[in-house]
S.K.: 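Quick one: structure below, then a few questions.
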Protein chains: 2
Amino acid sequence: MARFAAVHEAHATLASTRQVYPARAHLFHQGDIERGIHKIVSGTVTVYRVTADGHRQIEAFSGPGDYVSLCLCTTSPTSAEALSRVETNYVSREAFERRLLQEAQFRQTVFHEIDKASADARRQATLLACRCAKERVADFVLFLDSHFAPEADGYTPIRMSRCDMADHLGLTLETVSRMLNQFKQDGVIDMPRADRFSLKNRQYLKRLAGQNDEADRRHRRMAL
Amino acid sequence: MARFAAVHEAHATLASTRQVYPARAHLFHQGDIERGIHKIVSGTVTVYRVTADGHRQIEAFSGPGDYVSLCLCTTSPTSAEALSRVETNYVSREAFERRLLQEAQFRQTVFHEIDKASADARRQATLLACRCAKERVADFVLFLDSHFAPEADGYTPIRMSRCDMADHLGLTLETVSRMLNQFKQDGVIDMPRADRFSLKNRQYLKRLAGQNDEADRRHRRMAL
DNA sequence: CGTACTCTTGAACAATATCAAATAAAGTGG
DNA sequence: CCACTTTATTTGATATTGTTCAAGAGTACG
């Protein structure tokens, strides 16, 4: 299996460096100590953990603008793997801590990012606790549609495998495949190939996923 | 249904006031705006949300020392209900925000608390995604054992109903009951009554819950 | 005591996992 | 560019787990 080296373009005067990873490369591994912080510039990253009994739980598919597995513990609770070519802005742990102490504006941003990550995790827990397979996949299709731009052919690309989706949704890859093809049969999505789709009936999926239109209002967040 | 009024013991010079709630009273409701922050002094609180389709998801059973549903959004994403008589230290939203801006020490504490809440939520998501009913209940029994002190009779009290446990673990109350009684049959727990138990074989439950002994090391957290 | 809960237990049912095979797509080396 | 190999996806048949429905047993409370 080939090994990849990240390309470092260090700017002597800047705390953050640009890093580039090819598809399938790891940004870091579960258990890494004193790792720094990545903010994605381009590409998609899977953030996952492997449990004691060998199950893989994908916590997030992160994209441009997202911090990867942002948390305060210095030992990484997760691994992060590039799904495609990925560029990140990387800050060493040391520089990150220094900035947190010194810059109020940065501190506020990180504060809110961690709060958002927390809200996402709670949302995911609710999804896993309360919703059936069809509803989970519906929710995920809506996520794909809203987070990935359509390509030239008009179809939204599906960059992760059925297994990746399954490990994120707490299902098996067969069940994910069945639900997607059921949506296809029912004309809810157009999926000419397994790796691309286009939404035909958003309303139907939103109803399944339990997203009401009125539940879309914004919440004020604290000024800090 | 009776309504309860919280007892306010305001100290004019202090930002925080002591509040007392009887069992079954709500500290606040999902959707409340500009609500303040509670830190539990004594008693147990269930933090839950109700989804659009009416499912109740219990996010946490919080006890002394815990902040109740600490997050930065001012509209409460959850409701909080007292399981027993509960005392809290309450700070208004306004005072909370002021303290956050002014006191570095307090800010750090809150920062870490939110980070911890985030880690808990991710842990819960992993539990729901990867573990079967028996393993989830095993994990919960260990939680009960470690968070609630035994009473005079030597048994650890179970303060929540089977339904509460079910809504926390993503199961039905019947399944929870079956698993608990299976543990009882197998001599893993001693449960003379439905509302108290004592652990007989911790090792067995730890193995089920996927808790290795070596996974117990502490992680360094950032100084901030 | 009797009424109302909550908990337990059983049986039938439904959803999803598991196992296995067939198909499709994507690399690989000539 | 084409056969060949490998990997991912789809689909079907069966097994398992947990839910649902229903009834009975404790327990609490007036």
Side-chain angles (χ1 to χ4, degrees), chain A residues 1-2 22-24 46 53-57 83-84 127-141 144 153 155 157-186 189 191-197 208, chain B residues 1-2 22-24 46 53-56 83-84 127-141 144 153 155 157-186 189-197 208:
Chain A
M1 210 168 292
R24 308 189 150 270
T46 58
D53 61 337
H55 279 101
R56 179 181 68 150
Q57 161 76 356
L83 262 182
S84 58
L127 183 88
L128 294 167
C130 303
R131 334 245 356 123
C132 68
K134 198 171 176 180
E135 294 169 334
R136 294 185 208 182
V137 175
D139 189 87
F140 191 72
V141 170
L144 288 177
D153 62 3
Y155 288 102
I158 303 176
R159 304 200 185 283
M160 64 291 292
S161 68
R162 298 289 185 265
C163 185
D164 288 339
M165 297 186 215
D167 287 349
H168 180 56
L169 298 174
L171 299 169
T172 59
L173 66 94
E174 290 95 335
T175 299
V176 170
S177 177
R178 271 183 251 270
M179 296 305 141
L180 284 175
N181 285 293
Q182 195 177 319
F183 289 147
K184 181 180 169 180
Q185 287 300 319
D186 297 348
I189 58 173
M191 187 169 61
R193 290 172 34 158
D195 66 349
R196 63 200 58 176
F197 77 101
L208 262 184
Chain B
M1 211 167 290
R24 308 189 150 268
T46 57
D53 61 337
H55 279 101
R56 180 181 68 151
L83 261 182
S84 59
L127 182 88
L128 294 167
C130 303
R131 340 270 314 147
C132 68
K134 198 172 177 180
E135 294 169 335
R136 294 184 207 182
V137 175
D139 189 88
F140 191 72
V141 171
L144 288 177
D153 62 2
Y155 289 101
I158 303 176
R159 303 200 185 283
M160 64 290 291
S161 69
R162 298 289 184 264
C163 186
D164 288 340
M165 298 187 214
D167 287 348
H168 181 56
L169 298 174
L171 300 168
T172 59
L173 67 94
E174 291 94 335
T175 300
V176 170
S177 176
R178 272 183 252 271
M179 296 305 140
L180 284 175
N181 285 291
Q182 194 177 318
F183 288 148
K184 180 180 171 181
Q185 287 300 319
D186 296 350
I189 59 172
D190 176 15
M191 188 169 60
R193 289 172 35 158
D195 66 349
R196 62 199 60 174
F197 78 102
L208 261 185

S.K.: If you only use heavy atoms from C-beta on, which nucleotide in D:dT11, D:dG18, C:dT8 is closest to the side chain of A:Ser177?
M.R.: D:dT11
S.K.: Quick one: does A:Met160's side chain get under 4.5 Å of A:Phe140's, heavy atoms only?
M.R.: yes
S.K.: Quick test of your reading of the model: are B:Arg56 and B:Asp164 salt-bridged, counting only N-O distances below 4.0 Å?
M.R.: yes
S.K.: Suppose we call a contact any N or O donor and acceptor under 3.5 Å apart; does that hold for the side chain of B:Arg178 and the base of C:dG10?
M.R.: yes
S.K.: Rounded to the nearest Å, what distance is computed from the CZ atom of residue B:Arg24 to the P atom of nucleotide C:dC5?
M.R.: 11 Å
S.K.: Taking for each residue the nucleotide of DNA chain C with the nearest heavy atom, is it A:Arg131 or A:Glu174 whose nucleotide lies nearer the 5' end?
M.R.: A:Arg131
S.K.: Is the phosphate of C:dT16, meaning OP1 or OP2, less than 4.0 Å from a side-chain N or O of A:Thr175?
M.R.: no
S.K.: Which part of the nucleic acid, if any, lies within reach of A:Thr172 when heavy atoms closer than 4.0 Å are counted: base, sugar-phosphate only, or nothing?
M.R.: base
S.K.: Quick check: do B:Lys184 and B:Asp190 have side-chain heavy atoms less than 4.5 Å from each other?
M.R.: no
S.K.: In this structure, how many angstroms lie between the P atom of C:dT16 and the CG atom of A:Asp167, rounded?
M.R.: 17 Å
S.K.: Looking at A:Asn181, does any N or O in its side chain come under 4.0 Å of the phosphate oxygens OP1/OP2 on D:dT9?
M.R.: no
S.K.: A:Arg136 has an atom CZ; how far is it from atom P of C:dT16, in whole Å?
M.R.: 7 Å
S.K.: To the nearest Å, how far apart are A:Arg162 CZ and D:dT10 C1'?
M.R.: 9 Å
S.K.: Please determine if B:Asp195 and B:Arg159 form a salt bridge, counting it only when a charged side-chain N lies under 4.0 Å from a carboxylate O.
M.R.: no
S.K.: How many whole angstroms separate atom NZ of B:Lys134 from atom P of D:dT16?
M.R.: 15 Å
S.K.: Can you measure from CG (A:Leu169) to CG (A:Leu127) and round to the nearest 0.5 angstrom?
M.R.: 6.5 Å
S.K.: Examine the base of C:dT8 for any acceptor or donor lying under 3.5 Å from a partner atom in the side chain of B:Arg193, and report the outcome as yes or no.
M.R.: no
S.K.: How many whole angstroms separate atom CE of B:Met179 from atom C1' of C:dC7?
M.R.: 15 Å
S.K.: From NZ of A:Lys184 over to P of D:dT11, roughly how many Å is that when rounded to an integer?
M.R.: 7 Å
S.K.: Scan B:Leu171 against the nucleic acid and name what it touches under 4.0 Å (heavy atoms): base, sugar-phosphate only, or nothing.
M.R.: sugar-phosphate
S.K.: In whole angstroms, how far is the P atom of C:dT9 from the CD atom of B:Gln185?
M.R.: 7 Å
